[in-house]
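Working notes, beginning with the structure itself.
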Amino acid sequence: MAEFKFAPPYELPEYPFTPPPELRGEAPQRYPIVIVGAGPAGLTLACDLAQRGVRCVLIDDDHTVGVRGASSRGICYAQKSLEIMDRLGIGERIVNKGVAWSFGRTFSGDEEVYSFNLQNQSVSRQPPFVNLQQFYIEWFLVDRIQTLGLTDLRWHSRVSDVQPQADHVVLQVQTPQGSYRMEAEYLIDATGANSPIRQQIGLETHSSRSTDRWCITDVRFKKPLPVERWTWVDAPFNNGRAVWQHLMADNVWRMDYQMSEDMDPEVISRPEVAGERIRAQLGDDVEFEFVWIGPYQYRDHLLDDFRHGRVFFIGDSAHVVSPFGARGGNTGIQDAFNLGWKLVLVTTGQAPDSLLDSYSIERQPAAAENLRVTSRSARFLAPRSPAELVLRSAVLKLARRHAFARPLVNTGRMSVANDYPASPWLPQGSRTVQNLTLLDATGQSQSLMDLLRAGTCFVGLWFSPPLGEAQRACSALAALPIDLYAIGHSEALPVKQDPEGVLARHLGLDPAACAGTLCLIRPDAYLAATIPACTAAHLQQTLQTALFANATP
Amino acid sequence: MNTNPAIPDPDGFYAALVAAHEGLSEAQSAQLNAALVFLLANQCGQQQVLLDCVAEARRTVLDGEA
């Protein structure tokens with residue numbers, strides 16, 4: 001029988017248990033912000049708060065990064081997530097360690113039937129995607145959190161009980177050195193898909209479980225393959241079922257094979273069975289070593305409301321979708337980035353508690369959209385009836401011959417920064433603003449995230465502002481969380497240039513006819529409003545709406 | 001969705017459609033119909049019209065059984 005090599009397991013950092021004040025005889029405390037769960041979402045939020053200069057407590061029941069028993073779950077980090085990580089100070093580390101890509105190809109049988117290049121739509125400093133094992137993202141975030149030094153990290157600590165009160169939450173925490181009680185003004189549940197907090201509160205999750213079965217086989221081999229996302233709808237080397245092929249850091253390829261529904265997960269994850277799949281795909285002579293073999297079935301759930309009094313649900317505790325298009329981890333990271341600045345403005349008294357309602361109002365529809373999109377991909381990949389199979393087969397045959405049918409081929413629509421519907425805070429609705437480059441008068445370049453990096457401010461980009469209005473705005477808004485910049489020329493404001501009109505076009509403006517227009521960008525780099533012929537009074541009113549909605553300041 | 005007559009030569013179209021199915025197995029006929037749906041859908045190119053046609057086709061099948 002053939003021998004199969006396994007790579008040595010990753011050496012991940014381990015973090016010590018440090019007895020908190022509560023176990024050193026101090027009275028229970030009430031903390032402004034407590035996050036439970038140090039996965040991508042929880043760590044992003046803690047790091048985002050620290051980057052804004054705000055302390056929090058972060059509790060995790062483990063003492064390392066990554067998911068126990070799994071080499072890596074998430075591997076694809078989308079542009080918005082990368083922009084967020086850039087702002088948090090680990091963007092370069094991620095890009096250097098990971099594998100940037102923008103091109104995807106889909107095959108049916110041996111023929112390419114669909115391709116996309118995400119770079120075409122990008123004006124960001126960050127690539128459309130970077131592939132990196134999830135534990136590296138978590139590792140870099142922990143490092144950064146420790147450098148910033150504002151987060152009370154409590155490893156080996158499990159929250160065993162939550163009691164929501166009107167204006168706080170009481171928690172019970174179990175540790176190796178005993179249990180203690182603490183209180184949180186705001187509790188953020190980032191404990192993942194099986195959240196014990198959500199279960200204890202008893203919220204309906206509308207969960208469902210697929211019968212479609214897959215087996216991840218992470219391998220390292222010498223054969224050179226393109227650094228692109230390749231997917232097969234019906235691979236000849238996998239009994240006519242789907243296959244994913246994707247490179248991540250350390251030269252590890254993720255191969256993900258769709259299996260027959262009745263296959264025994266124990267059998268399909270045996271090295272000799274997994275090795276057969278690799279050889280069928282790459283040739284009998286390929287030399288490889290396994291990094292991880294992980295069979296799985298996907299599931300989904302979605303909370304109706306991501307806020308429950310003083311408890312907020314972010315990441316998988318709020319929503320789980322099938323993996324197609326990398327809309328899980330990326331959405332959790334973006335949940336955190338949506339909530340972070342709001343928590344800061346509310347807990348520092350710059351905005352009312354009601355601003356936090358907008359978190360769920362914006363992120364729940366985003367998750368619902370991701371669920372809709374991923375469910376469609378899942379259904380294309382696993383037709384449920386002979387009639388569905390006929391329809392899919394027709395699409396694939398047509399796609400080989402005609403361009404029109406190629407967009408119907410669906411092996412996953414890649415994660416995007418979701419648009420937000422119109423709301424009391426965002427009367428125009430909202431969409432993300434990419435991290436584009438701005439030049440100052442001396443030709444020095446800065447990115448949007450550079451402008452948003454420190455503190456928690458909106459950014460107003462005012463195209464050729466009238467001098468009087470710009471001066472009035474500076475004094476009228478001095479006490480509000482906003483930094484104003486002129487695009488073009490101004491005596492009153494710091495100036496940025498947009499010589500090619502890239503910024504204006506990205507913001508939906510005509511570069512030749514946008515003088516006087518102000519674009520108000522939120523601390524999470526979402527466009528709060530576009531104000532043509534902006535005045536100081538109009539800007540002040542728009543900013544108040546973005547913070548207070550209909551509440552009285 | 002236009003449900004008024006718009007096919008210039010109805011008999012000619014029907015004859016061509018029937019002829020296209022000649023000699024095909026049931027499975028091949030199903031494939032042909034599916035391919036035809038997608039080709040025609042792309043000619044129409046109007047999302048709401050397409051959705052209305054899908055709904056009306058389903059109603060036609062289900063009502064026919066009632």
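Letters A, B, ... mirror the listed sequences (proteins, then strands); counts begin at 1.
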Practice task
Tell me, for Leu39(B) versus chain A, whether the close heavy atoms (under 4.5 Å) come from the side chain, the backbone, both or neither.
Solution key: both
Problem - Glu26(B) atom CD, over 12 foreign heavy atoms within 6.0 Å - result: no
Fill in the blank from the handout: If one checks every heavy atom of Leu391(A) against chain B at 4.5 Å, the contacting part turns out to be both
Practice task
Identify the two heavy atoms, one from Ala394(A) and one from Ala34(B), that lie closest to each other, and give their separation to 0.1 Å.
Solution key: CB-CB, 3.6 Å
Exercise for the section: Return yes when atom CG of Asn120(A) has more than 12 non-hydrogen atoms of other residues, nucleotides or ligands closer than 6.0 Å, and no otherwise. Expected result: yes
Practice task
May I ask you to check whether over 12 heavy atoms, not counting those of Gln43(B), lie within 6.0 Å of atom CD?
Solution key: yes
Practice task
Please report the closest heavy-atom contact between Phe404(A) and Phe38(B), naming both atoms and the distance.
Solution key: CE1-O, 3.3 Å
